[in-house]
Engineer: 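Encoded as structure tokens, here's the structure I'll be asking about.
Letters A, B, ... mirror the listed sequences (proteins, then strands); counts begin at 1.
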Number of protein chains: 2
Amino acid sequence: MNPSRPDPAAPRPDTEEPPSPLVWDRPPPDRRRAPLTREIIVSAAIPIADSEGLAALTVRRLAAELDARPMSVYSYARITSKEELFDLMTDQVCAEMIVDDLPGDWREALRAIAGRVREVLLRHPWWVELIGHNVLIGPNGTRHREQTLAALSGLRLDPSTKLAVIVAVETYVVGQATFVMDEEGSPRVPGRTAEQEALAQYQASLIATGAFPHLAGIGPVQPIPVRDRERYFLLGLDWLLSGIAVTVESPPDDAASS
Amino acid sequence: MNPSRPDPAAPRPDTEEPPSPLVWDRPPPDRRRAPLTREIIVSAAIPIADSEGLAALTVRRLAAELDARPMSVYSYARITSKEELFDLMTDQVCAEMIVDDLPGDWREALRAIAGRVREVLLRHPWWVELIGHNVLIGPNGTRHREQTLAALSGLRLDPSTKLAVIVAVETYVVGQATFVMDEEGSPRVPGRTAEQEALAQYQASLIATGAFPHLAGIGPVQPIPVRDRERYFLLGLDWLLSGIAVTVESPPDDAASS
DNA sequence: ACGCATGCGAGACAATGTATCGCAAGCGTG
DNA sequence: CACGCTTGCGATACATTGTCTCGCATGCGT
């Protein structure tokens, strides 16, 4: 594909060094004339995605918002693709996930973190859409991970179990946010509302068939009432934490075998 | 926007009835000449997404695969947008989630379902990408839900708690699949592998700072070894199920208050 | 066998992400 | 203080996408 692939150990290593494989450690625009910074760009991008969805965040739109030209976004944000812009946005959002005063009790701490992550997810619904694409974990994401691990620091657990715990919790929160957003019918990606409505009827007609006795007991898919959402979230979270507690608060039982 | 919006109760209601707001109850192409069916189209779309990712599934590509013209896909699949194709694909995948012989014990049953969902998710990684977009729940999705509810039929629980249980479990599975796929570095959306590699170095450098003592204990982000993935999955699932068991197997304690 | 309504699909179109490379801006030098 | 070169910004161009628009062939009713 690339006609002249320079040998990795070529005599002229400085010919055209691709900026850096990673967005995070890329030198700032540093020119004095720079009217835009990476921070400004990312801070402009996030509200757009917040209020109008990821799809509305086009390079041109973002540029217009900043009163700049499309390619300037690439230049000043030091990104080589839109995907990298998403990486930056994600990391910004990760910063919001860090809890200030982490409770000492591991369970309280995890609850605090999980609650915070949930809030952030609800504030930036587009983040859920990005989870599907493999997004890289940046500095703030790392900080968030560190804090979650810190929550477990009091427990004497082997590292892999700790990892399993935080994966389980993070996992639960993300999944919860995803489902709740889907079901609540908050039109994250707008335009789908009409169908959501028709869907209720459709579900009802399916149930009327009699082929779904258990569903019938619950009624149609029943968007979870807003006021119950947090209750459900905490309920499930406590189930998970209780389960973890059993493993965690018993002596270091190394059941490593399958 | 629409210049002549016909009054909902207009004298000529049959002027141009939009097919149906919902994909599922839309009449089949029914013409004898139809060389393509909805099933064929969806069945052709899924392998493309499976092997090359959602992004590779363009209308033109799909049409080419079927030796048809782009717009034929819309016509014969009875869809009005690509999004609806995703809906159909999702529902097809939901069919695979249905377990044949559901164990009688609720816990075993949930474990079986969760395991199956996980398998399906790993087989169709693109599904995770769709979770973010509000995808509508179709007939097979409904069947899957019904089965999950059936798993809990033995328990005497109020409907909302049952719902909470299945949301918690489904939530956990989806989140797990999401995270595990991200971390394993299986390039769902290919092309990101190089960065994944650079990321490891970057993480290491962050840890070397000393600012991440707890992370240091675990090592860098450490993609979960493939052989441990299922163990982790089952571990977390059991935590969740154990927690649920506590609530579920105690007398109907209606703690409805916040 | 004929004419018409139906609905398929070839082409057109707008929008998007991004490659390219000319040109002006800044710095070092005389 | 003036000049020339290098750097890197950004105007333009382009390929690719999803989807609209009707013209026209198709199959049916009579």
Engineer: Rounded to the nearest 0.5 Å, what's the gap from NE2 on H124(B) to CG on L130(B)? Could you check?
Structural biologist: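 The distance works out to 12.0 Å.
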
Engineer: Atom CZ of R61(A) to atom P of dT18(C): distance rounded to whole Å?
Structural biologist: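 After rounding, the gap between these two atoms is 18 Å.
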
Engineer: Can we say R145(A) and E170(A) salt-bridge, meaning some charged N sits less than 4.0 Å from an Asp/Glu carboxylate O?
Structural biologist: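 No.
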
Engineer: With distance as the sole test, does R26(B) use its side chain to make a donor-acceptor pair with the main-chain N or O of R78(B) at under 3.5 Å?
Structural biologist: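 Confirmed, R26(B) side chain pairs with R78(B) backbone.
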
Engineer: Polar atoms only, N or O, under 3.5 Å: list the protein pairs with nucleotides 15-17 of chain C and their distances.
Structural biologist:
from	atom 1	to	atom 2	distance (Å)
dG17(C)	OP1	K82(A)	NZ	2.5
dG17(C)	OP2	V59(A)	N	3.0
dG17(C)	N7	R60(A)	NH1	2.7
dG17(C)	O6	R60(A)	NH2	3.0

Engineer: Round to a whole Å and report the spacing from CE of M71(A) to C1' of dC21(C).
Structural biologist: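 The distance from CE of M71(A) to C1' of dC21(C) comes to 12 Å, rounded to the nearest Å.
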
Engineer: Got a salt bridge between E65(B) and R60(B), using NZ or NE/NH1/NH2 to carboxylate O under 4.0 Å?
Structural biologist: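 No, no charged N to carboxylate O under 4.0 Å.
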
Engineer: Mind calculating the distance between CG (L54(B)) and C1' (dT17(D)) to the nearest angstrom?
Structural biologist: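 Roughly 15 Å, once rounded to whole Å.
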
Engineer: Would you mind telling me which of dT18(C), dC9(D), dG9(C) lies closest to the side-chain atoms of R78(A)?
Structural biologist: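 Among the listed nucleotides, the one closest to the side chain of R78(A) is dC9(D).
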
Engineer: To the nearest 0.5 Å, tell me how far I46(B) CD1 sits from S51(B) OG.
Structural biologist: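 Output value for this atom pair is 12.0 Å.
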
Engineer: Specify the residue among P70(B) and S75(A) whose closest nucleotide of DNA chain D lies further upstream toward the 5′ end.
Structural biologist: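 Of the two residues, S75(A) wins.
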
Engineer: Tell me: CZ of F86(B) to P of dT17(D), nearest whole Å?
Structural biologist: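 F86(B) atom CZ is separated from dT17(D) atom P by 13 Å.
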
Engineer: Considering just the side-chain nitrogens and oxygens of S72(A), establish if one lies under 4.0 Å of OP1 or OP2 belonging to dG10(D).
Structural biologist: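 It does, given that an N or O in the side chain of S72(A) lies less than 4.0 Å from OP1 or OP2 of dG10(D).
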
Engineer: How many whole angstroms separate atom CD of E84(B) from atom C1' of dG18(D)?
Structural biologist: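 Checked: the CD to C1' distance equals 13 Å.
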
Engineer: Taking salt bridge (Lys or Arg N to Asp or Glu O under 4.0 Å) as the cut-off, I'd like each qualifying pair that reaches into residues 89-99 of chain B, sequence neighbours left out, listed once.
Structural biologist: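 The answer is E96(B)-R123(B).
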
Engineer: At less than 4.0 Å, is any side-chain N or O atom of Y76(B) found next to OP1 or OP2 of dG9(C)? Yes or no.
Structural biologist: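 Answer is yes, contact under 4.0 Å.
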
Engineer: What integer distance in Å separates L85(B):CG from dT17(D):P?
Structural biologist: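 To the nearest whole Å, that distance equals 15 Å.
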
